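Only heavy atoms go into these numbers, but all of them, side chains included; no hydrogens, no water, no symmetry mates. Here is the naming used below: chain letters follow the sequence lines, and residue numbers restart at 1 for every chain. Bear in mind that the values here come from a model prediction, so they are computed numbers and not experimental data.
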Amino acid sequence: MPDGRRFETAGFVPRAVAALLDGLVLYAIFVAIEQIWISTLANPELLLDKLPLPTSITILVTVCLALYIVGTGLVGRTLGMVAVDLRITRSDGSPPCWPRRLLRAVVLIAVVAVLWWIEPLLLVAYPVWMLFNDKHQFAHDQVSDTVVVRRAAPIATPRAVDNARAQLDALEPPEAKVLLGDLDQLRLHARAKVRTASLPIFILGLLALGGMLANWLVNVVEEYYTLGHYFWALAAPIGLAVTAWWFGRQQRVLGAGTRVGPMVVLTSLVACAALVTAPYSLGGLITGAGFLAVAVVQRSRLLAAAAIAFGLVTGVEPAQAALSGLLEYGLQGAYSGFYFGRFENPYELFAPGVLGVFLVGAGLVVLQRERIR
Amino acid sequence: MSALPPDQAAAAEQAHPASALNDVVHHRARLGILTVLAEVRMATFPYLKSLLELTDGNLGRHLEVLADEGLVTITKGYENKRPRTWASLTDDGYVALTAEMSVLKELLAQFENGAPRAH
């Protein structure tokens, strides 16, 4: 029997973040096509009545989305997977051939199409499927016998374990305990030096403050309406590029670290998505998703929490309304804001700023702790 | 019990690929190198030397042994005109490390549960 390697399969969070980033790419493709179509219309203001897309445009969008899924499926990794450092393998650890990758992509398209036809909300429930099997597989993974792995890190094979067992036969348990303890300390020490979240959190804080300024320009100062809308198209990639530079610098200074390549892909992906979707005020959400991907790669829960809070406060209306309600009326106001909508109070405009101040402070505190380490 | 003379039995055991692999891995410093590389993905010579508190010669010899067995990859390059040597773990290195760790944990669990050693 071949000594097949097994890999550590990616869990729910990394796959969800990769799927979120892919979703942003697909949405950006849709918006780009829609914008091109709008620019060809004689009377674009008619769209204020929310006229439906013509059938030809709908077909074109669907074909483009399918090509993205099939194309990235044939390559073996979607852009979201590259950004979060995931890859597809067969369940026995061997690389999948192109027909198998194609099958996986086709099944994914079929599942998405069926769920969308039945009820679009089912697409949100589809990820739950992976929680019910130990290989974290979706239906399209199970049909194609593939798994998504966190990184190219095979785990122990039976033969390797037997080999190790033979060699360690003379080792006494107290020695094993000491050795395991020492190796664990070494691992934690190595991780502490390399995994840094201070600057990304600080940058998120600055971006949130900038987002507040952008809100003000859009809602209050009409002359700078466009600048406010395109703020995230510039700020998001700059923030991620600075973060990528920081991790690269840390690697050079320390002499150890993770690969920066996925961050470059992520920065480009976020830049394109933010630029294309600028008129739709999704920049904050896209930026939050980008930094969440960084948190997943760096395995930083602190940064993940900051990114989620950032995305919600700057990009999701119920969260913005809840925060502005909390600031004006306390907990009751937060509840009302979340369920019933906006307060139209001054706090709504300044909610990202409040978060920004908090994140800037948190970034400085974390930086101080990292320096002590 | 082996039918060979003791010196030939020892040589035969040393020649077995299984014992050769784990002679390479099961050394405190080498396990430490593999553990650090599994955590940080890639590391320079000074970083490993500082973290593991080894001398230049010692670390160099261990890295050479691990590289010869295909457990780590050594990449030499330049950064700002300064020579840099980077070490990273190979797939075989991950397999060997996780196998050692699982057996160590198994040994400890058996001891703590009061079970007899499995031979």
Side-chain angles (χ1 to χ4, degrees), chain A residues 3-8 85 93 151-195 248 250-262 297-299, chain B residues 13 16-26 28 31-52 79-80 82 84-112 117-119:
Chain A
D3 187 21
R5 290 177 177 171
R6 290 168 294 139
F7 289 78
E8 183 183 350
D85 211 13
R151 61 180 184 179
I155 56 179
T157 62
R159 185 190 297 172
V161 171
D162 286 341
N163 290 341
R165 198 175 281 133
Q167 181 61 27
L168 291 169
D169 189 54
L171 190 70
E172 293 299 321
E175 291 176 298
K177 185 173 182 177
V178 170
L179 184 55
L180 278 171
D182 289 347
L183 291 176
D184 203 44
Q185 285 300 312
L186 195 58
R187 186 178 56 81
L188 291 174
H189 196 197
R191 174 185 293 187
K193 279 184 171 293
V194 168
R195 302 264 164 82
Q250 287 291 94
Q251 185 168 301
R252 284 193 301 275
V253 168
L254 286 175
T258 56
R259 292 183 299 120
V260 182
V297 172
Q298 294 294 319
R299 301 197 188 198
Chain B
E13 194 176 322
H16 193 281
S19 64
L21 173 65
N22 290 288
D23 267 345
V24 170
V25 176
H26 183 61
R28 207 177 188 85
L31 268 179
I33 292 170
L34 296 178
T35 300
V36 170
L37 291 179
E39 193 60 38
V40 303
R41 297 277 201 103
M42 48 197 300
T44 57
F45 195 94
Y47 177 84
L48 289 170
K49 181 183 152 189
S50 158
L51 202 61
L52 297 166
E79 203 171 274
N80 295 329
R82 289 171 56 191
R84 283 276 208 174
T85 302
W86 292 87
S88 57
L89 213 54
T90 63
D91 282 0
D92 286 341
Y94 274 118
V95 170
L97 175 65
T98 50
E100 287 276 324
M101 297 299 285
S102 74
V103 170
L104 285 170
K105 287 174 186 172
E106 178 189 292
L107 186 62
L108 191 59
Q110 283 176 356
F111 174 69
E112 287 176 346
R117 287 283 298 273
H119 293 273

Distance in Å, [X] [atom1] paired with [Y] [atom2], rounded so as to fall on 0.5 Å steps:
{"X": "L108(B)", "Y": "K177(A)", "atom1": "CG", "atom2": "NZ", "value": "6.5 Å"}
{"X": "L183(A)", "Y": "E39(B)", "atom1": "CG", "atom2": "CD", "value": "12.0 Å"}
{"X": "L186(A)", "Y": "I33(B)", "atom1": "CG", "atom2": "CD1", "value": "10.0 Å"}

State whether the side chain of R84(B) and the backbone N or O of R252(A) hold a donor-acceptor pair below 3.5 Å, judged by distance alone. yes
Can you name the nearest heavy-atom pair linking A190(A) to V36(B), along with the distance? CB-CG1, 4.2 Å
For L180(A), is it the side chain, the backbone, both or neither that has a heavy atom under 4.5 Å from a heavy atom of chain B? side chain
Side chain / backbone / both / neither for D182(A) at chain B, heavy atoms under 4.5 Å: side chain
